[in-house]
J.: 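Mind looking over this structure? Questions follow.
Only this structure's heavy atoms are used, side chains among them; waters, hydrogens and symmetry mates stay out. Throughout, residue positions are numbered sequentially from 1 according to the sequence presented. Just so you know, these numbers come straight off a predicted model, no measurement behind them.
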Amino acid sequence: MKGNAVAVCVPRPQEVQQMVREQYATTTEGTTIERPENKYVYKIGIYGWRKRCLYLFVLLLLIILLVNFGLTIWILKVMWFSPTGMGHLRVTNDGLRLEGESEFLFPLYVKEIRSRVDSSLLLQSTQNVTVNARNSEGNVTGRLKVGPKMVEVQSQQFQIKSKEGKPLFTVDEEEAVVGTGRLRVTGPEGAIFEHSVETPLVRADPFQELRLESPTRSLSMDAPKGVHIKAHAGKIEALSQMDITFHSSDGMLVLDAETVRLPKLVQGTQGPASSSQRLYEICVCPDGKLYLSVAGVDTTCHENSHICL
């Protein structure tokens with residue numbers, strides 16, 4: 001059984017493009033194509049009171065931005081901000097440089113404070129000025145407190161040095177040392193020592209008298225090689241309410257002068273009538289008491305020994 005043959009004609013690509021152009025031309029020249037109408041229209045954006053609130057919020061932010069910018073400029077101008085520092089404060093390679101007077105309301109922690117070469121450093125406070133030194137653990141190891149009535153130093157040792165580095169005055173728990181060659185006391189009342197004083201020389205100013213006085217107790221002067229008392233332009237007086245004792249453990253007591261006077265010595269009875277030159281000799285009792293006896297050819301001390309009783 002034989003079927004019928006069907007012939008299909010396939011257009012070439014050039015013919016297809018020509019047909020599309022003709023169909024587009026016939027459609028757009030005079031024909032209007034009806035488009036379906038949309039039943040629902042969606043508007044994209046912000047409208048109504050929301051739009052007004054948004055504009056008002058943006059305007060408010062712009063005003064705040066301008067006010068902050070103006071305040072920032074004002075603060076920079078008032079505080080004198082600059083690339084090198086702020087106000088009188090300058091940042092240098094050696095640290096911070098502060099010019100003029102400054103006031104610190106809280107503690108200041110620094111390693112070194114120094115002034116300019118041509119000016120002095122002044123630390124001033126209405127109450128007191130306190131400088132503390134602390135160790136690595138934060139404990140105070142040294143304190144200098146300058147108050148309205150007293151200067152207080154709290155440290156293990158206090159020392160004052162000269163510009164050459166020589167110690168002038170040193171104080172610690174054991175002793176106080178004056179390192180200068182001369183200690184001068186200019187007060188009218190002199191110097192008062194509650195305990196012993198060790199010094200190689202005590203001297204008064206020229207044409208001034210030197211007084212060593214103990215109002216209620218005794219005055220003692222000791223030296224391993226002797227005590228020398230000299231008055232080059234005056235006299236020496238030793239006054240005591242009770243006894244004056246000169247003691248030499250190994251040596252003798254020498255009174256070397258042109259005249260030695262003992263005006264208040266007790267005088268013994270007069271010797272023989274032949275003694276008319278009024279010469280006396282000094283006699284000594286066993287207890288050390290001195291008395292006068294009229295001199296004779298021989299000693300007359302034994303004749304007046306009853307004074308020693």
J.: Restricting to non-hydrogen atoms, name the atom on I244 and the atom on A238 that form the minimum distance, rounded to 0.1 Å.
T.: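 Smallest interatomic distance, heavy atoms only, reads CD1-O, 3.4 Å.
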J.: For a quick test of reading the model, state the closest non-hydrogen atom pair linking A176 to V171 and the distance between them.
T.: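 That would be CB-CG2, 4.1 Å.
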J.: Suppose the criterion is salt bridge (Lys or Arg N to Asp or Glu O under 4.0 Å): which pairs have a residue in residues 156-172, not counting sequence neighbours?
T.: none
J.: If you draw a 6.0 Å radius around CG in N93, do more than 12 non-hydrogen atoms from other residues or ligands fall strictly inside?
T.: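 For N93, atom CG is not crowded (no more than 12 foreign heavy atoms under 6.0 Å).
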J.: Please table the atom pairs, donor to acceptor, closer than 3.5 Å between any side-chain atom in residues 68-79 and protein atoms at least two apart or in another chain.
T.:
| unit_1 | atom_1 | unit_2 | atom_2 | d |
| --- | --- | --- | --- | --- |
| N68 | ND2 | I64 | O | 3.3 |
| T72 | OG1 | N68 | O | 2.7 |

J.: Could you give the distance from CZ (R184) to CZ (R203), rounded to the nearest 0.5 Å?
T.: 10.5 Å
J.: For a quick check under 3.5 Å, do T130 and N128 share a side-chain donor-acceptor pair by atom type?
T.: yes
J.: Y55: which other cluster members, linking ILVMFWY side chains closer than 4.5 Å, directly or transitively?
T.: none
J.: May I ask you to test the V151-L144 pair for a side-chain heavy-atom distance under 4.5 Å?
T.: yes
J.: To the closest 0.5 Å, what do you measure between CG (L56) and CG (L61)?
T.: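 L56 CG to L61 CG: 10.0 Å, rounded to 0.5 Å.
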J.: Can you tell me how far the CG atom of L123 sits from the CD1 atom of I113, to the nearest 0.5 Å?
T.: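 Rounded to the nearest 0.5 Å, the CG-CD1 separation comes out at 6.5 Å.
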J.: What is the distance from atom CZ of R90 to atom CG of L96, rounded to the nearest 0.5 Å?
T.: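 Reported to 0.5 Å precision, the distance equals 11.5 Å.
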J.: Check for me, please, whether V146 and F158 land in the same ILVMFWY cluster - side-chain distances under 4.5 Å, paths through other members count.
T.: yes
J.: Could you state whether V178 and I160 fall into the same hydrophobic cluster, counting links through intermediate Ile, Leu, Val, Met, Phe, Trp or Tyr residues with side-chain heavy atoms under 4.5 angstrom apart?
T.: yes
J.: With side chains defined as the heavy atoms from C-beta onward, is the minimum distance between T170 and Q157 less than 4.5 Å?
T.: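 T170 vs Q157: side chains touch.
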J.: Residues in side chain to side chain donor-acceptor pair (under 3.5 Å) with K149, at least two apart?
T.: none
J.: What residue pairs, at least two apart or across chains, pass salt bridge (Lys or Arg N to Asp or Glu O under 4.0 Å) with a residue in residues 232-244?
T.: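 Every salt bridge (Lys or Arg N to Asp or Glu O under 4.0 Å) pair that includes a residue of residues 232-244, provided the two are not neighbours, is K235-E237.
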J.: Minimum heavy-atom separation for Y291 and C301, please, with both atom names.
T.: OH-O, 2.9 Å
J.: Answer yes or no: is there a donor N or O on one side and an acceptor on the other, between the side chain of S125 and the main chain of V129, under 3.5 Å?
T.: no
J.: Please confirm whether the backbone N or O of A133 pairs with a side-chain atom of T141, one donor and one acceptor, at under 3.5 Å?
T.: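 Yes, T141 side chain to A133 backbone: donor-acceptor pair under 3.5 Å.
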J.: Taking ILVMFWY side chains as joined if any heavy atoms are under 4.5 angstrom apart, and letting links pass through other members, which residues group with V227?
T.: V202, L210, L212, L219, M221, I229, I236
J.: Within a radius of less than 6.0 Å around CD1 of I192, do more than 12 heavy atoms belonging to other residues, nucleotides or ligands occur?
T.: no
J.: Compare every heavy atom of C283 with every heavy atom of S293, then report the nearest pair and how far apart it is.
T.: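 Closest approach of S293 to C283: CB-SG, 3.8 Å.
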